[in-house]
Structure formats: structure tokens, C-alpha cells
Amino acid sequence: MKPAYVVMGVSGSGKSTVGRELAAHLGAVFIDADDLHPEENVAHMAAGHPLNDEMRWPWLDKCGQEMASHREEGPVVLACSALKRVYRDRLRKWVPDLVIVYPAADAVVIAERMSHRANHFMPVSLLQSQFATLEEPSSDEDVIRVNAEGTVEQTVKAVINAI
Ligand SMILES: Nc1ncnc2c1ncn2[C@@H]1O[C@H](COP(=O)(O)OP(=O)(O)OP(=O)(O)O)[C@@H](O)[C@H]1O
Ligand SMILES: O=C(O)[C@H](O)[C@@H](O)[C@H](O)[C@H](O)CO
């Protein structure tokens, strides 16, 4: 079985951007967890409210299920916040050998990037709650942590080098 990666982190940390580039490099199937939210979740976030666990569980299961369904085809890359350890454990129920890719950047850097992002449902005002919820991956998880404060190219290169 080819590897499966989840690019995790707070909103605006670059999960979709890095995940898409990584998938292109690996010839992997790319899945964006943002596309798997029910409409209610998106509306809730767009209105400035953080998701709660009840809203996240079915969505995380959908993400895991979607990944698992593509494993036979080759490598798979999922871009998904997966902020808490229990959320990553939930994904691992579907994909036990999941590799965690964590592009880490300071809140000030991320807020600045988000403020320049057009046509995205996620308001910058939710970044604080994203950081409050974040449990950084620990060393017993299969984790690749990279600095994401430089350019997209540097971040993607760091992930590829680590792989
Ligand atoms: N080093 C970098 N790594 C990733 N993204 C970067 C980097 N530098 C700048 N960016 C920019 O940061 C912005 C946020 O990235 P992106 O939308 O991929 O984040 P995200 O984590 O998927 O956010 P969300 O979860 O809210 O959808 C993009 O405009 C991206 O081009
Ligand atoms: O709280 C979360 O788990 C995240 O906000 C995700 O639900 C979003 O899909 C995305 O990261 C926002 O752009």
C-alpha cells in the first residue's frame, strides 16, 4: 500500500496549498476536507462560530472514509485541520498508517496571509479559536513537521526532503 498523508493545521496555515503541491509531486490523489463539510458547517464557520466536536465527528469520518477508498490507487494526500489528537486518532481508524504533515507558522504570519485570501468562507476572527483548539502532533505520531513561514515552494520542498 502506498503512503497516505494528512496535511494538518489551523485555518490559513497552508494545508490546501501545500497538500495540492505535494500531491502533484507524488502523483497522489488529493482530497480537500473543506470540500467534504456539510453546508451547515460551512455556514456556521462563515457566520464566525467555531465548529464543535459533534459537527466535526461525521466530517472527520467522511474524510477518513474518502481517503481509505482511494488507497488502492496510489498515494493519497488529505488537507484537513485535524487540530486535536483525538481528531487524528479518528482519521487513523480509517487509515492506520497515516503520516502527519504539519506546516507550522506563527499566528501573526497566518493572520496576515488570511487577510489577503479572497473568496474563502473562513473569517480571520476564528484564528484564535483554531490556535486554542490546536494540539500539535507529538513524536509518537508519525509526523513530519516543517517550518511554513517562508514561501510555499520552501515549505513543499521541506516536506519532500523529509519524506
Ligand atoms: N509557506 C507557505 N505555505 C503555505 N501557504 C502559504 C505559504 N506562504 C503563503 N501561503 C499562502 O497562505 C494562504 C493560506 O493557505 P491555504 O488556503 O492553503 O490554507 P489552509 O490551511 O488550507 O486554510 P483553510 O483551512 O482555512 O482552508 C494561501 O494564500 C497561500 O498561498
Ligand atoms: O475547525 C476546524 O476543524 C477547521 O476550521 C475546519 O473545519 C475547516 O475546514 C478549515 O480548516 C477552515 O478553513
Side-chain angles (χ1 to χ4, degrees), residues 5-26 28 30-67 76-94 98 100-137 143-163:
Y5 304 90
V6 59
V7 184
M8 63 156 284
V10 298
S11 179
S13 60
K15 304 181 292 288
S16 304
T17 308
V18 171
R20 204 173 289 116
E21 294 278 326
L22 179 63
H25 175 83
L26 297 171
F30 176 67
I31 304 162
D32 198 324
D34 274 353
D35 298 335
L36 300 177
H37 275 301
E39 267 176 41
E40 309 86 78
N41 282 11
V42 175
H44 194 79
M45 290 185 274
H49 309 296
L51 298 181
N52 58 39
D53 281 3
E54 287 63 40
M55 292 164 150
R56 286 185 176 115
W57 294 133
W59 167 65
L60 287 164
D61 280 333
K62 207 166 171 188
C63 293
Q65 204 167 6
E66 188 70 18
M67 277 192 115
V76 181
V77 176
L78 169 74
C80 176
S81 49
L83 295 174
K84 291 188 199 174
R85 169 79 187 231
V86 284
Y87 301 160
R88 297 188 289 277
D89 287 342
R90 191 71 165 231
L91 293 176
R92 280 187 281 258
K93 274 177 71 175
W94 295 95
L98 186 64
I100 312 286
V101 175
Y102 176 45
D106 184 85
V108 176
V109 173
I110 295 176
E112 164 72 12
R113 286 177 189 165
M114 282 176 86
S115 69
H116 294 298
R117 198 166 59 164
N119 303 321
H120 198 291
F121 63 83
M122 193 74 175
V124 188
S125 60
L126 278 181
L127 189 57
Q128 207 178 346
S129 90
Q130 290 272 298
F131 269 101
T133 308
L134 175 68
E135 293 169 5
E136 294 198 330
V143 57
I144 295 169
R145 179 192 173 116
V146 295
N147 180 315
E149 296 194 347
T151 64
V152 173
E153 291 70 25
Q154 287 169 330
T155 305
V156 174
K157 211 168 176 184
V159 177
I160 292 167
N161 286 345
I163 288 172

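Every number for a ligand or one of its atoms is a count from 1 in the order of the listing. In what follows, residues are counted from 1 in the order of the sequence shown.
- Contact between C80 and L60 at its shortest, heavy atoms only, is SG-CD2, 4.0 Å.
- When all heavy atoms of L127 and S11 are compared, the pair lying nearest together is CD1-O, 3.5 Å.
- Looking at every heavy atom in both residues, F30 comes nearest to G19 through CE1-C, 3.5 Å.
- Near ligand 1, residues V10, S11, G12, S13, G14, K15, S16, T17, V18, D34, R113, R117, H120, A148, G150, T151, V152, T155 come within 4.0 angstrom through at least one heavy atom.
- For A148 against S13, the heavy-atom pair with the smallest separation is CB-O, 4.4 Å.
- Within a 6.0 Å radius of CD in Q128, other residues, nucleotides and ligands contribute 12 heavy atoms or fewer.
- In terms of heavy atoms, R85 sits closest to R92 at NE-NH2, 3.6 Å.
- Using cut-offs of 30° and 60° for the angle between ring planes, the Y87 and W57 rings count as perpendicular.
- Checking E112 against H116 by side-chain atom types alone, a donor-acceptor pair falls below 3.5 Å.
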I'd like a table of the close N/O pairs between ligand 2 and the protein (anything under 3.5 Å), one pair per line with both atom names and the distance.
residue  : atom  : partner : partner atom : Å
ligand 2 : 1 (O) : R56     : NE           : 3.4
ligand 2 : 1 (O) : R56     : NH2          : 2.7
ligand 2 : 1 (O) : Q130    : NE2          : 2.8
ligand 2 : 3 (O) : R56     : NE           : 3.0
ligand 2 : 3 (O) : S81     : OG           : 2.7
ligand 2 : 5 (O) : Q130    : NE2          : 3.0
ligand 2 : 7 (O) : H37     : NE2          : 3.1
ligand 2 : 9 (O) : D34     : OD1          : 2.4
ligand 2 : 9 (O) : H37     : NE2          : 2.7

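- For G9 against K15, the heavy-atom pair with the smallest separation is O-NZ, 3.1 Å.
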